[in-house]
A.B. asks: 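I have a structure here, written as structure tokens, and I will follow up with some questions on it.
Since the model is a prediction, treat every value here as computed from it, not as a measurement.
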Amino acid sequence: LPRWIEQFNDIPDPRDPKLITHQLCVLVVYGIFLFLFQCPSRRAANRALTQPGVWENLQAAFPELATIPHRDTVARVIEAIPPETFETVIVKTIHRLLKNGQLRHWMVLNHSLVAVDGAVKWAAPYEWAEAALKKETKAGTWYQAYVVEVVLVCPQGVTLPLSAEFCTNPVDAAPATQPDSELKAFYRVAKRLNEAFRRWPLVLLMDGLYPNGPWFEYLNQRGWPFMIVLKVGNLSAWHKDAAKLHRLVPDQQKTETWGDREQHFWWVVQPVT
């Protein structure tokens with residue numbers, strides 16, 4: 001953690017050096033607290049962090065936090081820093097953990113599991129931002145903050161962020177321009193993922209939105225194995241073919257109890273030629 005925080009000081013500071021009161025890493029750590037404490041607003045964050053006992057414990061863990069920075073300063077500085085700068089810090093940290101072998105015991109068949117999925121972070125029936133993704137629904141036109149997230153999957157539901165890419169409304173685009181989509185955003189974020197982890201074996205975990213001819217070709221060119229979750233009715237031809245193959249290897253199945261649920265798994269392993 002200390003080495004990770006120190007890397008924030010390597011980010012170019014957009015402020016006037018003569019007017020700096022708090023180090024950049026202090027502002028970033030404070031911004032992270034907004035999410036750790038699940039604060040609905042910056043004002044609520046100040047109330048949460050100044051409660052009896054909380055501030056003393058934070059100072060014991062983070063000596064850099066001599067005083068609480070003004071919440072507007074935190075927002076102004078973080079908004080002025082390109083998002084990809086923070087992503088670079090995250091990737092460097094994951095690289096260090098992988099190199100040191102601290103994540104190796106989470107690998108499956110010597111591959112790290114990387115999940116890719118889209119999520120709506122915010123939506124409203126009015127154009128709250130010019131770049132908000134425009135979505136036509138039965139309830140009318142909605143504007144969304146839709147992001148494709150890439151995370152490293154670890155045991156017990158823990159995930160470590162690797163990258164993210166927003167779907168945006170094409171601004172000043174020609175009328176015939178196709179709207180942005182999760183699949184298009186995937187290709188953009190996959191390029192960065194390939195550059196960052198070119199030499200590290202990855203397995204991509206994805207849902208039924210992705211599989212198509214160009215997608216399979218794209219992953220095969222990069223040597224990325226993959227696992228896809230398909231709902232019933234999604235790519236029905238695949239389900240039928242897999243069921244036929246499973247009848248040839250009926251022993252490849254297993255039943256597990258997870259909580260109050262009983263889960264039944266069966267699979268077909270393609271022979272290596």
Side-chain angles (χ1 to χ4, degrees), residues 1-8 25 28-29 31-39 57-58 61-62 83-121 146-166 182 185-211 215 218-219 222-231 254-267 269:
L1 182 61
R3 291 183 59 184
W4 179 61
I5 293 177
E6 287 175 4
Q7 292 182 18
F8 291 127
C25 71
V28 175
V29 169
I32 293 173
F33 285 154
L34 295 178
F35 296 91
L36 294 181
F37 284 85
Q38 298 183 0
C39 300
N57 289 331
L58 289 176
F62 302 95
E84 56 269 20
T85 305
F86 293 108
E87 186 171 295
T88 300
V89 174
I90 292 174
V91 169
K92 286 182 179 179
T93 302
I94 298 297
H95 268 295
R96 176 168 56 85
L97 295 175
L98 290 171
K99 185 177 180 180
N100 294 344
Q102 293 168 282
L103 301 180
R104 189 172 294 276
H105 62 288
W106 290 347
M107 300 175 70
V108 176
L109 299 178
N110 295 320
H111 283 71
S112 295
L113 304 182
V114 175
V116 182
D117 197 13
V120 178
K121 298 299 183 181
Y146 195 99
V147 61
V148 175
E149 298 174 308
V150 182
V151 298
L152 186 66
V153 178
C154 309
Q156 305 301 326
V158 176
T159 61
L160 300 178
L162 294 180
S163 186
E165 179 71 20
F166 278 90
E182 181 177 335
F186 162 74
Y187 286 117
R188 297 196 296 270
V189 74
K191 182 179 180 181
R192 300 201 301 273
L193 187 67
N194 184 51
E195 293 173 353
F197 298 94
R198 189 184 303 274
R199 298 181 181 179
W200 193 261
L202 305 177
V203 173
L204 267 60
L205 315 178
M206 315 182 87
D207 59 28
L209 172 69
Y210 291 88
W215 180 83
Y218 185 90
L219 266 59
R222 284 149 186 80
W224 284 344
F226 54 87
M227 287 189 281
I228 308 173
V229 176
L230 297 176
K231 295 181 180 180
K254 188 175 184 180
T255 299
E256 289 282 349
T257 300
W258 178 263
D260 58 351
R261 294 176 296 168
E262 185 176 85
Q263 299 175 314
H264 182 71
F265 301 89
W266 61 265
W267 61 92
V269 178

A.B. asks: Below 30° counts as parallel, above 60° as perpendicular, anything between as tilted: where do the rings of Y210 and F186 land?
C.D. replies: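 The rings of Y210 and F186 stand perpendicular, inter-plane angle above 60°.
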A.B. asks: Indicate whether any N or O donor in one side chain lies under 3.5 Å from an N or O acceptor in the other, for S112 and W106.
C.D. replies: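 The criterion, which ignores hydrogens and geometry beyond distance, is not satisfied for W106 and S112.
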A.B. asks: Considering all heavy atoms of both residues, which atom of D207 and which atom of I228 are nearest to each other, and what is their separation?
C.D. replies: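 Nearest pair, atom of D207 first, then I228: O-CG2, 3.5 Å.
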A.B. asks: Nearest heavy-atom pair of E165 and A185: which atoms, and what distance?
C.D. replies: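 Smallest heavy-atom distance, with atoms named: CG-O, 3.7 Å.
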A.B. asks: Write down the atom of T255, the atom of E262, and the distance for their closest heavy-atom approach.
C.D. replies: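 That would be CG2-CG, 3.5 Å.
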A.B. asks: Between R261 (side chain) and T257 (backbone), is there a donor-acceptor pair under 3.5 Å?
C.D. replies: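 Not confirmed, R261 side chain does not pair with T257 backbone.
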A.B. asks: Counting only N and O atoms by type, is there a donor-acceptor contact under 3.5 Å from the side chain of R222 to the main-chain atoms of R198?
C.D. replies: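 No; judged by distance alone, with no hydrogens or angles, the pair does not exist.
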A.B. asks: Take a 6.0 Å sphere around CG of N100 and say whether it holds more than 12 heavy atoms from other residues, nucleotides or ligands.
C.D. replies: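 Yes.
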A.B. asks: Can you name the closest pair of heavy atoms from R192 and A164 and give their distance?
C.D. replies: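 The pair with the smallest heavy-atom distance is NH2-O, 2.7 Å.
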A.B. asks: Going by the angle between their ring planes, with limits at 30° and 60°, are F197 and H95 parallel, tilted or perpendicular?
C.D. replies: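 Plane angle under 30°, so parallel.
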A.B. asks: Indicate yes or no: does E87 engage K92 in a salt bridge with an N to O separation below 4.0 Å.
C.D. replies: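 The answer is no: the pair does not qualify as a salt bridge.
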A.B. asks: Give the minimum heavy-atom separation between H111 and L202, together with the two atoms involved.
C.D. replies: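 Heavy-atom minimum between the residues: CD2-O, 3.7 Å.
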A.B. asks: Which atom pair, heavy atoms only, marks the closest approach of Q102 to R96?
C.D. replies: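 Nearest heavy atoms, Q102 then R96: OE1-O, 4.5 Å.
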